[in-house]
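Encoded as structure tokens, the structure appears first; notes follow it.
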Amino acid sequence: MGRVRLATWNVNSVKARLPRLLEWLELAGPDVLCLQETKVGADGFPTEEVAALGYAVAAHGEGRWNGVALLSRVGLDDVVRGFEGDPGWAGEPAERVREPDDGEEGLFETPRIEARAISATCGGVRVWSVYVPNGRTPESAHYTYKLHWLEALRSRVAGELAGTDRLVVCGDFNVAPTDADVFNPAAFAGSTHVTAPEREALAALLATGLRDVVPAPMKGPNPFTYWDYRAGMFHQDKGMRIDLFYASAAVAEAVKAAYIDREARKGKGPSDHAPVVVDIDL
DNA sequence: ATGTCAACTTAGAGTTGA
């Protein structure tokens with residue numbers, strides 16, 4: 001297959017980020033790019049603009065929230081939107097019960113599957129782009145959903161690894177794997193992204209046969225991929241590593257370079273996440 | 001703890017989510 005550049009980037013709206021996305025595609029030249037938080041429905045993705053740069057596109061979106069996509073110039077086959085076993089989101093308990101209007105005991109909303117995963121085969125590698133639920137607070141139903149969602153992902157990935165040794169799962173996991181992956185562990189006391197159950201869910205995913213490909217920072221010692229827009233967090237390098245690149249052993253052993261492109265977080269109209277770039281030679 | 005951003009409802013500022 002030769003040398004291939006894979007990347008993952010939470011763009012925080014592909015519409016708002018389109019100029020930056022096109023600029024970055026030309027600059028970095030990834031062969032495969034996993035996108036998250038595209039925030040567009042099925043027909044809202046700027047497919048033509050991206051295709052003009054030589055990329056095939058597979059998008060999975062629902063409108064205002066979430067949304068994932070795969071861009072590839074080395075093949076894009078066997079696209080799967082979502083995955084078997086996704087538990088879906090039913091809302092907080094308080095939202096789940098509707099007022100009885102015609103004598104019924106109350107209606108419960110069934111879980112709605114969100115656009116958080118898409119997978120395809122690109123250049124001989126099975127590639128997953130995932131956007132893990134945020135979790136909001138450890139007390140919320142959204143946090144429970146996050147843990148269930150990660151367990152369902154683990155189960156499905158384990159199934160795929162039985163059929164291929166070339167697989168990557170990358171995207172915005174909304175979990176910092178270790179305390180070294182946040183700027184100040186004390187600042188995250190009581191918050192999501194750092195709790196033991198979330199980290200155990202990542203460990204269980206890795207235990208299916210994946211390895212964490214930790215990218216090199218472009219500047220400073222910390223491999224952060226996300227910095228809050230507020231309070232000058234980026235300029236103080238108060239970030240987190242929550243955008244992860246999990247690779248099967250065969251792919252991980254083929255990694256030649258991996259870095260975080262912090263240049264893409266600078267300047268006018270950036271996403272709050274930076275792209276993670278991984279070069280492999282299979 | 002929250003100083004920004006994006007989309008949406010709806011016609012300007014408030015809500016939601018991150």
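Being a predicted model, the structure only gives us computed values, none of them experimental. Lettering follows sequence order; numbering is per chain, from 1.
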Next item on the list: Quickly work out the A/Tyr226 OH to B/dG17 C1' distance and round it to whole Å.
Entry: 11 Å

Notebook entry, point to check: Can you check the A/Asp272 CG to B/dG3 C1' distance for me, whole Å?
Noted result: 15 Å

Item checked: Those residues of residues 170-187 of chain A lying under 4.0 Å from DNA chain B by at least one heavy atom -> none

Check: Is the backbone of A/Asp272 close enough, under 3.5 Å, to the side chain of A/Tyr229 for a donor and an acceptor to pair up by distance?
Finding: yes

Item checked: Among A/Asp243, A/Thr8, A/Val11, the one residue meeting side chain to side chain contact (heavy atoms under 4.5 Å, CB included) with A/His273 -> A/Asp243

Check: Rounding to the closest angstrom, what is the interatomic distance between B/dT2 and B/dG17 at atom C1'?
Finding: 14 Å

Margin query: Give me the distance, rounded to whole Å, that separates B/dA1 from B/dC5 when you measure between the P atoms they each carry.
Written below: 23 Å

Note to self: Between A/Arg3 and A/Asp279 (salt bridge meaning N to carboxylate O under 4.0 Å), is one present in this structure?
What the structure shows: yes

Note to self: Under a 3.5 Å distance rule, please check whether A/Arg116 uses its side chain to pair with a backbone N or O of A/Tyr131 as donor and acceptor.
What the structure shows: yes

Notebook entry, point to check: Which ones in residues 131-144 of chain A lie close to DNA chain B, meaning a heavy atom under 4.0 Å from one of its atoms?
Noted result: A/Tyr131, A/Asn134, A/Arg136, A/His142

Notebook entry, point to check: Expressed in angstrom and rounded to an integer, what is the separation of A/Lys146 atom NZ from B/dG17 atom C1'?
Noted result: 14 Å

Can you check nucleotides 5-7 of chain B for protein contacts, nitrogen or oxygen pairs under 3.5 Å, and list what you find?
unit_1	atom_1	unit_2	atom_2	d
B/dA6	OP1	A/Arg17	NH1	3.1
B/dA6	OP1	A/Arg17	NH2	3.2
B/dA6	O3'	A/Ser13	OG	3.3
B/dA7	OP1	A/Ser13	OG	2.4
B/dA7	N3	A/Arg64	NH2	2.7

Item checked: Value in whole Å for how far the P atom of B/dT16 lies from CG of A/Asn66 -> 17 Å

Checklist line | Any pair counted as salt bridge (Lys or Arg N to Asp or Glu O under 4.0 Å), so long as it reaches residues 144-155 of chain A, sequence neighbours left out | finding: A/Lys146-A/Glu198, A/Glu151-A/Arg154

Notebook entry, point to check: In whole angstrom, what separates A/Lys238's NZ from B/dT4's C1'?
Noted result: 16 Å

Margin query: So, using side-chain hydrogen bond (donor to acceptor under 3.5 Å, both in side chains) as the criterion, who are the partners of A/Arg64 when residues are at least two apart?
Written below: none

Next item on the list: Quick one: sort the A/Phe83 and A/Trp149 rings into parallel, tilted or perpendicular, breaks at 30° and 60°.
Entry: perpendicular

Check: Is A/Asp179 salt-bridged to A/Arg199, cutoff N-O under 4.0 Å?
Finding: yes

Next item on the list: Starting at atom CD of A/Glu114, determine the distance to atom P of B/dG17, rounded to an integer number of angstrom.
Entry: 10 Å

Check: Okay, side chain of A/Ser129, backbone of A/Gly171: is any donor-acceptor separation there less than 3.5 Å?
Finding: no

Note to self: Checking the side chain of A/Ser191 only, and the main-chain atoms of A/Thr137 only, is there a donor and an acceptor separated by less than 3.5 Å?
What the structure shows: no

Checklist line | Pairwise salt bridge (Lys or Arg N to Asp or Glu O under 4.0 Å) hits with a residue in residues 258-268 of chain A, at least two apart | finding: A/Glu263-A/Lys266

Item checked: Protein-nucleotide distance (A/Met240, atom CE; B/dA18, atom P), rounded to Å -> 14 Å

